[in-house]
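Each remark here refers to the structure printed beneath this line.
The basis for the numbers below is simple: all heavy atoms, side chains too, and nothing from hydrogens, waters or symmetry mates.
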2 protein chains.
Amino acid sequence: MFSEEQNKLAKIAKVLGHPARIAILQYIIKSQSCICGDLVAEIGLAQPTISQHLKELKNLEIIKGTISGTSVCYCINQDNWKKINAIFSEFLNINNNNLNCC
Amino acid sequence: MFSEEQNKLAKIAKVLGHPARIAILQYIIKSQSCICGDLVAEIGLAQPTISQHLKELKNLEIIKGTISGTSVCYCINQDNWKKINAIFSEFLNINNNNLNCC
DNA sequence: CTTATTAATCGTAATATTGCAATATATAGA
DNA sequence: TCTATATATTGCAATATTACGATTAATAAG
């Protein structure tokens, strides 16, 4: 029903469409890397909830998690972050200057 | 619980997080302006469904609708499109190059 | 081996989203 | 005024999302 591009764009936007996931990404960037417990303390949602949001971010491959002892170290997947940035920029930078606007 | 910025970003992303709404935006850009019926014919969802998606896009003020006889002419709100682009670019262009990644 | 720590998963309740048929509203034209 | 056209709104069913307590799994430390 929709094009590959439309589905891809929407899928990315959907994952970014929750403030907790934005907060998680911003905190990971700020701290360079962190564990789930850091995010629970920082954001103030329950551990299973944070874990669930991390799972969605991992599914999008915008972050990656590395097991380190009993904890998991999360950081940005820089290559995919750049790809996602490129996909979004391409869409948002469409020149829609239009004198025929109603 | 979340910052103004986080909520704003998530709100924008959430609206963009459905392929029908991406398709609507792309079609409006391509055709410069169109009416609801054009989108129903183009996209293949029922008229109330398209109308509902248009409402969400209007709420975000990324599009605007002008009454023209019995129909409503929709086009991109260029100023707000640019603002949304700026908000997203600022977030996605954060330099997260990081050698301390786990 | 036992216990503590950390994160993931399961189960579930509350809420939100999506899609559409039916209906309402509003304007244009005969 | 009556009818046709275009869109919005309502109501509702199906599905998805969000949040969290309880539990599980996996590793580390004693």
Side-chain angles (χ1 to χ4, degrees), chain A residues 1-2 6-7 9-25 27-28 31 33-75 77 102, chain B residues 1-3 6-25 27-28 31 33-75 77 102:
Chain A
M1 181 156 196
F2 300 108
Q6 286 160 351
N7 284 322
L9 253 170
K11 192 178 155 192
I12 295 167
K14 194 174 185 180
V15 173
L16 298 179
H18 193 292
R21 292 193 284 268
I22 298 290
I24 288 172
L25 291 174
Y27 186 79
I28 293 178
S31 58
S33 71
C34 68
I35 64 173
C36 178
D38 295 339
L39 292 160
V40 173
E42 172 73 14
I43 294 173
L45 287 168
Q47 179 269 317
T49 306
I50 294 291
S51 195
Q52 198 171 263
H53 286 305
L54 284 169
K55 191 179 180 181
E56 288 185 69
L57 292 167
K58 262 191 294 180
N59 285 344
L60 190 64
E61 295 180 293
I62 198 171
I63 64 170
K64 55 187 168 184
T66 310
I67 296 168
S68 164
T70 56
S71 56
V72 177
C73 178
Y74 287 101
C75 65
N77 183 329
C102 43
Chain B
M1 181 159 198
F2 300 107
S3 74
Q6 286 159 351
N7 284 323
K8 177 76 177 167
L9 252 169
K11 192 178 155 193
I12 296 167
K14 194 173 184 180
V15 174
L16 298 180
H18 194 292
R21 292 192 285 269
I22 297 290
I24 287 171
L25 291 174
Y27 186 78
I28 293 177
S31 59
S33 71
C34 68
I35 63 173
C36 177
D38 295 338
L39 292 161
V40 173
E42 172 73 13
I43 294 173
L45 287 168
Q47 179 268 320
T49 307
I50 295 291
S51 194
Q52 199 172 262
H53 286 304
L54 284 168
K55 192 180 182 182
E56 288 185 70
L57 292 166
K58 261 190 296 180
N59 285 344
L60 189 64
E61 295 181 293
I62 198 172
I63 65 170
K64 54 187 169 184
T66 311
I67 295 169
S68 164
T70 55
S71 54
V72 178
C73 179
Y74 286 102
C75 66
N77 183 329
C102 41

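Contacts of E56(A) classified as side chain to side chain donor-acceptor pair (under 3.5 Å), with partners at least two apart in sequence or in another chain: R21(A). Remark: C73(A) pairs with C102(B) by the disulfide (SG to SG under 2.5 Å) rule, at least two apart or across chains. In terms of the side-chain contact (heavy atoms from CB on, under 4.5 Å) criterion, residue partners of D38(B) (sequence neighbours excluded) are, by chain and number, Y27(B), C34(B), I35(B). Evaluation of the side chain to side chain donor-acceptor pair (under 3.5 Å) rule for Q6(B) yields Q26(A), S3(B) as partners, not counting sequence neighbours. When the side chain to side chain donor-acceptor pair (under 3.5 Å) test is applied to S68(B), no partner is found at least two apart in sequence or on another chain.
At whole-Å resolution of the value, CD1 in I67(B) and P in dT25(C) are 15 Å apart. As rounded to whole Å, 12 Å separates atom P of dT18(D) from atom CD1 of I22(A). The CD1 atom of I63(A) sits 12 Å away from the P atom of dA7(C) (whole-angstrom rounding). The distance from atom CD1 of I50(B) to atom P of dA8(D) is 11 Å, rounded to the nearest whole Å.
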Pair up each side-chain donor or acceptor in residues 40-48 of chain A with any protein partner under 3.5 Å, not counting sequence neighbours, and list the distances.
none

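You'll find the side chain of L25(B) reaches within 4.5 Å of the side chain of L16(B), heavy atoms only.
Listed by first and then second residue, the ring-ring contact (aromatic ring centres under 6.0 Å, His included) pairs that reach into residues 46-71 of chain B are H18(B)-H53(B), sequence neighbours excluded.
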So which protein nitrogen or oxygen atoms get under 3.5 Å of nucleotides 16-19 of chain C's nitrogens or oxygens?
{"unit_1": "dT17(C)", "atom_1": "OP1", "unit_2": "K14(B)", "atom_2": "NZ", "d": "2.8"}
{"unit_1": "dT18(C)", "atom_1": "OP1", "unit_2": "R21(B)", "atom_2": "NH2", "d": "3.4"}
{"unit_1": "dT18(C)", "atom_1": "OP2", "unit_2": "R21(B)", "atom_2": "NH1", "d": "3.2"}
{"unit_1": "dG19(C)", "atom_1": "OP2", "unit_2": "H53(B)", "atom_2": "NE2", "d": "2.7"}
{"unit_1": "dG19(C)", "atom_1": "N7", "unit_2": "Q52(B)", "atom_2": "NE2", "d": "3.3"}

Kindly give the atom pairs (protein nitrogen or oxygen, nucleotide nitrogen or oxygen) under 3.5 Å for nucleotides 4-7 of chain D.
{"unit_1": "dA6(D)", "atom_1": "O4'", "unit_2": "T70(B)", "atom_2": "O", "d": "3.4"}
{"unit_1": "dA6(D)", "atom_1": "O4'", "unit_2": "T70(B)", "atom_2": "OG1", "d": "3.4"}
{"unit_1": "dT7(D)", "atom_1": "OP1", "unit_2": "C36(B)", "atom_2": "N", "d": "3.0"}
{"unit_1": "dT7(D)", "atom_1": "OP2", "unit_2": "G37(B)", "atom_2": "N", "d": "2.8"}

